[in-house]
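A note on names: the letters A, B, ... follow the listed sequences, proteins ahead of strands, and every chain is numbered from 1.
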There are 4 protein chains.
Amino acid sequence: MSPRRRDSESTAAARAERRAELLAAAAEVFASRGYSATTVREVADAAGMLGGSLYYHFDSKESMVDEILSTFLTDMWAAYDRVLGSGLGSRETFRALVAESFRMIDTYRPAVVIYQNESKHLAQSPRFTYLADSQRRFREMWLAVLDRGVLDGVFRADLDTGLIYRFIRDTVWVAASWYRGDGPLSADEIAGQYIVMVLEGILST
Amino acid sequence: MSPRRRDSESTAAARAERRAELLAAAAEVFASRGYSATTVREVADAAGMLGGSLYYHFDSKESMVDEILSTFLTDMWAAYDRVLGSGLGSRETFRALVAESFRMIDTYRPAVVIYQNESKHLAQSPRFTYLADSQRRFREMWLAVLDRGVLDGVFRADLDTGLIYRFIRDTVWVAASWYRGDGPLSADEIAGQYIVMVLEGILST
Amino acid sequence: MSPRRRDSESTAAARAERRAELLAAAAEVFASRGYSATTVREVADAAGMLGGSLYYHFDSKESMVDEILSTFLTDMWAAYDRVLGSGLGSRETFRALVAESFRMIDTYRPAVVIYQNESKHLAQSPRFTYLADSQRRFREMWLAVLDRGVLDGVFRADLDTGLIYRFIRDTVWVAASWYRGDGPLSADEIAGQYIVMVLEGILST
Amino acid sequence: MSPRRRDSESTAAARAERRAELLAAAAEVFASRGYSATTVREVADAAGMLGGSLYYHFDSKESMVDEILSTFLTDMWAAYDRVLGSGLGSRETFRALVAESFRMIDTYRPAVVIYQNESKHLAQSPRFTYLADSQRRFREMWLAVLDRGVLDGVFRADLDTGLIYRFIRDTVWVAASWYRGDGPLSADEIAGQYIVMVLEGILST
DNA sequence: GATGAATGAGATTTCATTCAT
DNA sequence: CATGAATGAAATCTCATTCAT
């Protein structure tokens with residue numbers, strides 16, 4: 001490996017790392033103040049630079065959310081696809097998907113919050129059609145899992161699967177809005193209890 | 001009753017009705033575009049008037065959300081208080097509160113959506129301290145119901161009540177974001193299925 | 001004519017008149033400082049309002065030049081078309097077109113200056129394709145007139161018509177950059193002398 | 001001559017050459033996009049470097065145009081002065097000045113374009129007073145030539161010399177905006193035809 | 001009650017310029 | 001010499017709000 005090669009690698013890597021840092025700062029602010037209510041200046045403050053300086057790294061405020069969301073969704077689908085491809089039964093697929101979702105919340109909390117709060121509005125813009133696509137695919141994935149589970153006799157047949165789907169979806173993702181990595185329960189513990197609640201209900205038997 | 005009195009009554013009533021119409025339009029727009037992303041002009045368009053004209057009726061954009069949210073919350077607490085004051089058991093109180101919440105979603109859908117999406121940000125302003133108050137009271141109410149239910153042996157003791165509380169809260173209110181009054185299921189039917197899911201789980205037994 | 005009708009007429013007319021006033025101010029500033037060197041604030045100052053207020057009337061700085069140029073070009077082509085449609089001979093067509101051009105300079109001086117200085121740059125943007133179209137049509141018009149004149153024996157055959165065309169085009173329009181309506185010579189007098197110079201040359205005979 | 005001296009000479013020469021290259025690139029961009037509309041980054045792109053790097057060579061964007069224009073004007077006046085000092089008659093002086101001007105366009109096309117488009121605006125700044133000076137001197141030179149020619153009986157006496165001056169000035173320089181060195185006609189051929197047109201007119205006799 | 005024009009604060013974005021490496 | 005990141009001033013544009021009519 002020539003020094004030249006190492007140089008260009010390290011600068012490209014440094015660049016990517018800087019972008020990631022800035023996006024992390026931006027995501028935090030977007031998540032806590034709301035995307036359209038946060039000013040570019042606030043993002044820059046959080047990143048320790050001046051407003052205009054962000055434009056050296058990003059085209060626009062919009063391109064920041066774009067990168068935040070698309071990075072998250074790409075990773076999320078990779079994780080889901082691993083689960084779906086591993087040949088588990090209905091019940092285990094269910095567990096694994098919920099657990100994976102909580103791991104996503106753990107890793108990408110601000111991105112998930114932004115996704116929850118803004119994707120409906122953003123999706124109207126042509127730049128963000130992938131949000132609607134992701135949502136559609138998400139729905140199809142869950143309905144497939146649930147329908148298979150009903151046929152298998154794993155899930156109850158007396159409930160509307162569309163309703164169950166929404167129930168799970170909301171239930172899982174909204175956790176991002178209150179989850180703190182530094183709380184008493186780890187992501188996996190929370191996932192575990194959620195799974196129990198959803199599968200068995202909260203009634204004592 | 002003098003004609004004068006009748007006049008002022010009818011104009012006062014007409015005035016209130018006009019306000020309500022305008023607020024309904026505003027709520028719809030705030031809910032669909034997001035509060036800080038919607039312009040006063042958009043609200044005015046939806047109300048069939050020009051931007052400046054809204055200021056005859058309202059002090060500010062902020063006072064519109066304020067009135068939207070406080071009207072909704074006042075009504076919601078009246079309903080909850082009726083339930084809490086009627087001496088039901090844990091299980092029935094649970095059912096009734098969830099059912100009441102779905103009725104709220106049915107009646108105040110846009111307000112509920114705004115509440116979901118914006119209350120965290122708005123609550124920072126002194127004008128909206130009642131939002132945080134409401135949230136606190138809401139939490140206390142549910143924890144009381146759940147704790148009593150655990151003591152009664154109605155609810156499982158092996159789950160974190162804080163987690164159950166959040167589970168229910170999110171589960172119920174997020175429904176506002178997809179609920180349409182004109183869908184196939186009525187509010188009460190949806191509430192019924194939700195209650196079954198939450199109480200008994202989705203596994204077949 | 002009902003008062004109603006007169007009202008709506010007068011407000012629509014007032015609106016159009018205000019736009020025209022503002023565009024006149026803008027054109028003056030664009031012409032003297034250059035389009036991209038003049039700030040919206042300078043235009044607003046010239047119009048006696050604040051920067052933001054211009055956006056009540058116009059979408060953008062660009063839409064101002066757009067309207068300035070397209071208004072001018074529309075009128076110019078109407079005038080040229082009248083000339084071309086009136087069945088004059090080569091020499092008289094030539095005279096009439098040059099005279100009409102000077103009249104345009106008289107009426108639309110700032111617009112003509114802007115056209116001269118900025119159209120090459122602006123034409124790159126898709127919004128301003130009509131500028132290139134106009135230029136093409138202009139070239140075809142003059143070449144037709146000149147070619148016919150050469151065939152008629154009115155114009156010399158020993159000169160490149162393409163060169164004559166450019167000679168005339170530049171010669172005529174650049175006058176906008178120094179012409180003042182309040183100078184000693186009227187537009188028609190200047191046109192007269194230009195025509196003599198171009199037709200007969202500056203040598204004494 | 002010491003090696004040291006030779007070194008510094010060669011690096012000074014290299015330095016000057018690099019400056020010239022960069023200025024050539026800058027002039028091209030300023031000419032095609034307009035001075036104030038082109039960004040330093042665009043100049044740098046054209047020069048194959050990054051924006052900041054230009055500041056190793058030049059103080060500012062302004063000093064670039066400054067050097068471009070002053071180099072051109074210095075050379076132009078040297079050429080004109082040679083003509084004026086060579087004792088030619090009115091007609092020959094006329095011819096020689098026009099021919100020299102077309103040679104300038106050939107050599108300094110982008111600089112001439114910039115001069116045409118921007119000098120009026122730039123001249124306002126104290127740094128560019130030499131532009132106004134040059135223009136004044138140019139006017140005096142031509143009026144002297146024309147007035148002498150009228151007295152000599154070479155030029156027509158029935159035309160306003162001020163008008164002829166402008167006619168010639170515009171006619172000649174605007175050619176820079178369309179002239180391409182690689183076109184079918186050489187600079188001297190174009191100059192020849194222009195001279196004929198201006199002197200004898202375009203009418204056949 | 002509503003309109004239409006304007007205000008003015010502030011948001012996003014641009015860009016010439018600087019400077020450590 | 002050149003890079004890449006940052007600065008900071010200023011530009012374009014947005015929008016809640018005001019107000020005369």
(request) Verify side-chain contact (heavy atoms from CB on, under 4.5 Å) between B:Tyr130 and B:Thr74, making sure each step is shown before the conclusion. (result) CA-CA 10 Å; B:Tyr130 67 86; B:Thr74 302; over 6 Å; no

(request) Output, in order, the C-alpha distance, side-chain angles, deciding distance and verdict of side-chain contact (heavy atoms from CB on, under 4.5 Å) for A:Leu131 and A:Tyr115. (result) CA-CA 9 Å; A:Leu131 292 174; A:Tyr115 182 71; 3.8 Å; yes

(request) Go through the steps for B:Asp45 and B:Arg41 under the test side-chain contact (heavy atoms from CB on, under 4.5 Å), then give the verdict. (result) CA-CA 6 Å; B:Asp45 280 355; B:Arg41 204 183 174 289; 3.2 Å; yes

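Rounded to an integer number of Å, the gap from NE2 of B:His57 to P of F:dA16 is 17 Å. Rounded to whole Å, atom P of E:dA16 lies 10 Å from atom CG of D:Leu54. D:Asp45 has its CG atom 14 Å from the C1' atom of F:dA2, to the nearest Å. B:Glu42 places its CD atom 13 Å from the C1' atom of F:dA16, with the value rounded to the nearest Å. In this structure, CE of D:Met49 is placed 14 Å from C1' of F:dG4, rounded to the nearest angstrom.
Taking all atoms of both residues into account, the shortest heavy-atom contact from B:Val43 to B:Ala26 is CG1-CB, 3.7 Å. What you find for A:Ser60 and A:Ser63 is that their closest heavy atoms are O-OG, 2.9 Å.
With F:dT3, E:dG1, E:dA5 as the candidates, the nucleotide lying closest to the side chain of B:Tyr56 is E:dG1.
Taking the six-membered ring where the residue is Trp, B:Tyr108 and B:Phe72 present tilted rings, their angle falling between 30° and 60°.
Across all strands shown, the partner of F:dG8 is E:dC15, judged by Watson-Crick or G-U wobble contacts whose two distances both fall under 3.5 Å. The partner of E:dA20 is F:dT3, judged by Watson-Crick or G-U wobble contacts that both fall below 3.5 Å.
Between A:Arg19 and F:dA5 there is no side-chain N or O to OP1 or OP2 distance below 4.0 Å. An OP1 or OP2 oxygen of F:dC1 is reached within less than 4.0 angstrom by no side-chain nitrogen or oxygen of D:Arg15.
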(request) Treat primed atoms plus P, OP1 and OP2 as sugar-phosphate and everything else as base, then score nucleotides 8-15 of chain F 5' to 3': B for base contact with protein heavy atoms under 4.0 Å, S for sugar-phosphate contact only, - for none. (result) B--SSBBB

